[in-house]
Novice: 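Can you keep this structure in mind? I'll have questions shortly.
The shown structure was predicted, so the numbers you read here are calculated from the model rather than taken from an experiment.
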Amino acid sequence: MSTQKRLVEEADIAKLRQLLSGTKASVLSPSDTGYDVSIDRWSRAAIKQAGVAVVPTSAEDIAITVKYATEQNIDLAVKGGGHSTAGASSTHGGLLIDLGHMRDVRVDEDMNLLYVQGGALWSDVDEAAWKYGLATVGGTVADTGVGGLTLGGGYGVLSGTRGLVIDNVVGATVVTSDGEIRYASKGDNPDLFWALLGAGQNFGITMEFVLKAYPQQEVYMGTCVFPPTPDNVTKLVEILNDLYAIPEAGQHTKTEGRLNSLLAIGRPPEAGGQTVFIYIFAYDGSEAEAKKFLQPIFDLGPLVNTSHVGPYPEVNKQVPIVPGFRSSQKGAAFVMPIRETFVTNVLGKFNVFMDAQPDAAASMMAWELFDPTVVVASEEGCFANRGYHLNSLIMPLWKESKNDGECRQFAREISLEFKKELEAHSERVSDGIEGGASIKGKKGAVMLYGNYDQYDEISKDIFGDHYARLQKIKAKYDPSNMFNKLFPIQPASSNGARM
């Protein structure tokens, strides 16, 4: 079969309507009500005009649709939460499967398991689990889709004590490219299960995840805002370096994984156009315990301090992410300790960009801080990016498409500053196509988080030494490479272009 996928024609829409006529699925052409909702995305820059959108309500609906797309060699995309700023959930003229009507979350309180449909958002999971006093590792932004985050690894507020999202997946129900519905776990289709945990977007449509859940108490959380004075830069860096220093490999930071932090630079509307530091935190424990770590930050006299004890679902609503913009979520890596001179340098470049581009006034960038010890200790799945590095996010947000190039170039430039900083720490940096801002890990992969935009990094960079094994599994479950939108894996039996 040709590796070049074709676009949808009118005859395909008619055939899909016939095939799905006995189901509750919707088949939406561009002129139908609901089509615009299906192709909508969190980032306006990721919207593409699909030839047809199918909105299933069951695994059987998905199976019928996928089988037809495979038989007809039609370009296929899958939308879960629609949060991908890389456009991986969209297709120009192809067949879009929108899981937006499959958001059910079932809680098994006896077994502490969550059965989560593939179109669910993390807010759906958080709220359902919390009714039973439970929580699981989930996205730090509540409106992120469960599927995309999980299949790419998945960091969350509880990762310091519970690992990645994939470390908490018990099983998954997947529709593969042949239209078969398969259950994958350590005991069923274990090769597929291993591949799903880190490269899952390459192997099918996961219509249900089974996740471990844990008893969860209320959380001490909040946001502190500081002016970016030299004294605040010095003290914030000093405090965070102390909190997140790893004594030696295998040992926890002094927070013991319970304190998750984000130090951001931005110009929120409340700041009146001024740049500020935004420190967002969540401590999985009591207020008294949290203040042992956080009091030095409070003592700096923040302009705003919203610290409070609240229910766990509030934790993933703290990051000020607003839909309706064009956006890129560019990822980079860094290692501790953070250097004051680096923060000052990046702050200066951020201000130059913001002053020059008023359309990007909502932009921000951030250092994400947590204790990676539990994540590093796990070997679950094919996720090849575990390490003591941490993730940063460079996120320009803008309105006008004419500014796409300039805003993405800013993200590249800041990413390269992170690369220079890694070199200053004497780390072995990535030598991928882009030479991304990352170190080279023990599994041969760049230490870049694939759920963030990596622009020019290729699949071999992300999957490292696991790539050859993934190619064999790809050949078994998706030999015609139907699922090819994000870090596509070339099937082992194929002689296609370098991916």
Novice: Can any side-chain N or O of N202 pair as donor or acceptor with the backbone N or O of F487 at less than 3.5 Å?
Specialist: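 Yes; at least one donor-acceptor contact below 3.5 Å.
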
Novice: Ignoring hydrogens and angles, tell me if any N or O in the side chain of T373 forms a donor-acceptor pair with the backbone of Q251 under 3.5 Å.
Specialist: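 Yes, because the side chain of T373 sits within donor-acceptor range (under 3.5 Å) of the backbone of Q251.
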
Novice: Answer with yes or no whether the side chains of R326 and S401 bring together a donor and an acceptor at under 3.5 Å.
Specialist: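 The answer is no; no qualifying pair exists.
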
Novice: Run the ring-centre check on F293 versus F281 and record whether the distance is less than 6.0 Å.
Specialist: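 No, too far apart.
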
Novice: Before you tell me yes or no, could you show the steps for N260 and L369 under side chain to side chain contact (heavy atoms under 4.5 Å, CB included), namely the whole-Å CA-CA distance, both residues' side-chain angles and the distance that decides it to 0.1 Å?
Specialist: CA-CA 6 Å; N260 186 283; L369 298 130; over 6 Å; no

Novice: Check the angle between the aromatic planes of W194 and H466 and answer parallel, tilted or perpendicular using the 30° and 60° thresholds.
Specialist: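 Rings of W194 and H466: perpendicular, over 60°.
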
Novice: Taking the side chain as C-beta and beyond, is there a heavy-atom pair between K330 and M395 under 4.5 Å?
Specialist: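 SC-SC contact between K330 and M395 ruled out.
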
Novice: With rounding to the nearest 0.5 Å, note down the distance linking SG in C224 to CG in L300.
Specialist: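 Here the interatomic distance stands at 9.0 Å.
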
Novice: A side-chain contact here means heavy atoms from C-beta on lying under 4.5 Å apart; do L259 and L243 qualify?
Specialist: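 Side chain of L259 against side chain of L243, heavy atoms only: contact under 4.5 Å found.
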
Novice: Around E256, counting heavy atoms of other residues, nucleotides and ligands shown, do more than 12 lie under 6.0 Å from its CD?
Specialist: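 Counting other residues, nucleotides and ligands, CD of E256 stays at 12 neighbours or fewer.
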
Novice: Inspect the surroundings of NZ in K48 and state if more than 12 heavy atoms from other residues, nucleotides or ligands are less than 6.0 Å away.
Specialist: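 It does: K48 NZ has more than 12 such atoms within range.
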
Novice: For this output row, return yes or no: ring centroids of F370 and Y155 closer than 6.0 angstrom.
Specialist: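 Yes.
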
Novice: Answer yes or no: is there a donor N or O on one side and an acceptor on the other, between the side chain of S363 and the main chain of L397, under 3.5 Å?
Specialist: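 Between the backbone of L397 and the side chain of S363 there is a qualifying donor-acceptor contact (under 3.5 Å).
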
Novice: Which distance, rounded to the nearest 0.5 Å, do you find between the CD1 of I489 and the CG of L470?
Specialist: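 Answer for the CD1-CG pair, I489 versus L470, is 4.0 Å.
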
Novice: My understanding is that only residues two or more places apart in sequence, or in another chain, count here; which of them pass ring pair (Phe, Tyr, Trp, His ring centres under 6.0 Å) with F350?
Specialist: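 For F350 there are no ring pair (Phe, Tyr, Trp, His ring centres under 6.0 Å) partners, ignoring immediate neighbours.
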
Novice: What I'd like to find out is whether the side chain of L95 reaches to under 4.5 Å of the side chain of D75, using heavy atoms alone.
Specialist: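 L95 does not reach D75 side chain to side chain.
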
Novice: For F277, check ring pair (Phe, Tyr, Trp, His ring centres under 6.0 Å) against everything at least two apart and list the hits.
Specialist: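 By the ring pair (Phe, Tyr, Trp, His ring centres under 6.0 Å) rule, F277 matches no residue at all.
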
Novice: Verify whether one side chain among N345 and R339 offers a donor that lies under 3.5 Å from an acceptor in the other.
Specialist: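 There is no such pair between these side chains.
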
Novice: Donor-acceptor check, side chain of R41 to backbone of S89, threshold 3.5 angstrom: yes or no?
Specialist: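 Indeed, once roles are kept as given, a pair shorter than 3.5 Å links the two residues.
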
Novice: Sequence neighbours excluded, which residues qualify as ring pair (Phe, Tyr, Trp, His ring centres under 6.0 Å) partners of W130?
Specialist: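 In terms of ring pair (Phe, Tyr, Trp, His ring centres under 6.0 Å), with neighbours along the sequence ignored, W130 is linked to no residue.
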
Novice: For S261, enumerate each residue passing the side chain to side chain donor-acceptor pair (under 3.5 Å) test, keeping only those at least two apart in sequence or located in another chain.
Specialist: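 Partners of S261 under the side chain to side chain donor-acceptor pair (under 3.5 Å) test: Y244, Y279.
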
Novice: So, do H425 and P337 sit near enough that their side-chain heavy atoms are less than 4.5 Å apart?
Specialist: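 Contact flag for H425/P337 side chains = yes.
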
Novice: Determine the minimum heavy-atom distance between Q201 and F463, stating which atoms define it.
Specialist: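 Between these two residues, the closest heavy atoms are NE2-CZ, 4.1 Å.
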
Novice: Tell me yes or no: between the side chains of N232 and T229, is some donor less than 3.5 Å from an acceptor?
Specialist: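 On atom types as modelled, these side chains qualify, holding a pair under 3.5 Å.
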
Novice: Nearest 0.5 Å please: distance from the CD1 atom of I414 over to the CD1 atom of I394.
Specialist: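 The distance works out to 6.5 Å.
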
Novice: Give a yes or no answer on whether the side chain of N351 reaches the backbone of G348 with a donor-acceptor pair at less than 3.5 Å.
Specialist: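 No.
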
Novice: Between S415 and A411 (side chain of the first, backbone of the second, donor and acceptor by atom type, cut-off under 3.5 Å), is there such a pair?
Specialist: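 Judged by distance alone, no pair lies under 3.5 Å.
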
Novice: Pairing donors with acceptors under 3.5 angstrom, does anything connect the side chains of S328 and R408?
Specialist: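 No, no side-chain donor-acceptor contact under 3.5 Å.
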
Novice: Can a side-chain donor-acceptor contact be found between E406 and Q357 if the only test is distance below 3.5 angstrom?
Specialist: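 Judged by distance alone, the side chains do pair up.
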
Novice: State, to 0.1 Å, how close L486 and A88 come at their nearest heavy-atom pair, and which atoms those are.
Specialist: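 For L486 versus A88, the nearest heavy atoms are CB-CB, 3.9 Å.
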
Novice: Does the side chain of D167 come under 3.5 Å of the side chain of S378 through a donor N or O and an acceptor N or O?
Specialist: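 Short answer, yes.
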
Novice: Please step through side chain to side chain contact (heavy atoms under 4.5 Å, CB included) for the pair W42 and Q329, ending with a clear verdict.
Specialist: CA-CA 11 Å; W42 180 80; Q329 295 183 329; 3.9 Å; yes

Novice: I need the minimum non-hydrogen distance between S84 and A46, along with the two atoms involved.
Specialist: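 Distance-wise, the nearest heavy atoms are O-CB, 3.5 Å.
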
Novice: Between E423 and K420 (salt bridge meaning N to carboxylate O under 4.0 Å), is one present in this structure?
Specialist: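 The answer is no: the pair does not qualify as a salt bridge.
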
Novice: Could you pull out the closest heavy-atom pair between R267 and G273, with the gap in Å?
Specialist: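 Here R267 and G273 meet closest at CD-O, 3.5 Å.
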
Novice: Are K399 and D359 within salt-bridge range, i.e. N to O under 4.0 Å?
Specialist: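 Salt bridge absent between K399 and D359.
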
Novice: Would you give the length of the straight line joining atom CG of D371 to atom OG1 of T255, rounded to the nearest 0.5 angstrom?
Specialist: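 Here the interatomic distance stands at 5.0 Å.
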
Novice: Taking 4.0 angstrom as the limit, do D40 and R44 come out as a salt bridge?
Specialist: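 Result for this pair is yes, salt bridge flagged.
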
Novice: Using a distance-only test with no angle check, is there a side-chain donor-acceptor pair under 3.5 angstrom linking N168 and T136?
Specialist: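 Checked: N168/T136 side chains show no N/O donor-acceptor pair below 3.5 Å.
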
Novice: If you measure only the distance, is there a donor-acceptor pair under 3.5 Å linking the side chains of S307 and Y220?
Specialist: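 There is such a pair (donor and acceptor under 3.5 Å, judged by atom type) between the side chains of S307 and Y220.
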
Novice: Would you find a donor on one side and an acceptor on the other, under 3.5 Å apart, between the side chain of N316 and the backbone of P313?
Specialist: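 A pair under 3.5 Å: no.
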
Novice: For L7 and H92, which heavy atoms make the closest approach, and how far apart are they?
Specialist: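 In this case the closest contact between L7 and H92 is CD2-O, 3.2 Å.
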
Novice: Can you find a heavy atom in the side chain of E289 that is under 4.5 Å from one in the side chain of S286?
Specialist: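 Side-chain contact under 4.5 Å: yes.
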
Novice: Judged by atom type as modelled, is there a donor-acceptor pair below 3.5 Å linking the side chain of R162 to the main-chain atoms of G160?
Specialist: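 No: the side chain of R162 does not pair with the backbone of G160.
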
Novice: Could you please spell out the steps behind the side chain to side chain contact (heavy atoms under 4.5 Å, CB included) verdict for V343 and T341?
Specialist: CA-CA 6 Å; V343 175; T341 53; over 6 Å; no

Novice: Taking it one step at a time, do V335 and Y388 satisfy side chain to side chain contact (heavy atoms under 4.5 Å, CB included)?
Specialist: CA-CA 7 Å; V335 295; Y388 288 101; over 6 Å; no

Novice: Output all residues satisfying ring pair (Phe, Tyr, Trp, His ring centres under 6.0 Å) with W398, sequence neighbours left out; order by chain, then residue number.
Specialist: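 By the ring pair (Phe, Tyr, Trp, His ring centres under 6.0 Å) rule, W398 matches no residue at all.
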
Novice: Look up atom CD in Q274 and atom CG in L303, then write down how far apart they are to the nearest 0.5 Å.
Specialist: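 Taking CD in Q274 and CG in L303, the distance rounds to 11.0 Å.
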
Novice: Do Y477 and F203 have their ring centres less than 6.0 Å from each other?
Specialist: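 No, the ring of Y477 stays outside the 6.0 Å limit from the ring of F203, centre to centre.
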
Novice: Indicate yes or no: at least one non-hydrogen side-chain atom of T223 is less than 4.5 angstrom from one of V304.
Specialist: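 No, side chains not in contact.
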
Novice: Can you tell if the side chain of L151 reaches within under 4.5 Å of the side chain of F209, non-hydrogen atoms only?
Specialist: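 They are in side-chain contact.
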
Novice: So which of D231, L236, L263 actually passes side-chain contact (heavy atoms from CB on, under 4.5 Å) with F226?
Specialist: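 With F226 as partner, D231, L236, L263 yield a single side-chain contact (heavy atoms from CB on, under 4.5 Å), made by L236.
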
Novice: Is it the case that the side chain of D478 and the backbone of K474 share a donor-acceptor pair, with hydrogens and angles ignored and the cut-off at 3.5 Å?
Specialist: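 It does not hold such a pair.
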
Novice: Do N385 and F383 come within less than 4.5 Å of each other through their side chains, counting heavy atoms only?
Specialist: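 With C-beta onward as the side chain, the pair touches.
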
Novice: Looking only at side-chain N and O atoms, does R258 offer a donor or acceptor that is under 3.5 Å from a partner on T161?
Specialist: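 No, R258 and T161 have no side-chain donor paired with an acceptor closer than 3.5 Å.
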
Novice: Supply the atom-to-atom distance K485 NZ to L76 CG, rounded to the nearest 0.5 angstrom.
Specialist: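 Here the rounded value is 6.5 Å.
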
Novice: Please find the pair of heavy atoms, one from G204 and one from V174, that lie closest to each other, and give the distance.
Specialist: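 Scanning both residues completely, I find the closest heavy atoms to be CA-CG1, 3.9 Å.
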
Novice: Taking only residues at least two apart or on different chains, which pairs with a member in residues 291-319 satisfy salt bridge (Lys or Arg N to Asp or Glu O under 4.0 Å)?
Specialist: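 Those involving residues 291-319 are E127-K317, E287-K291.
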
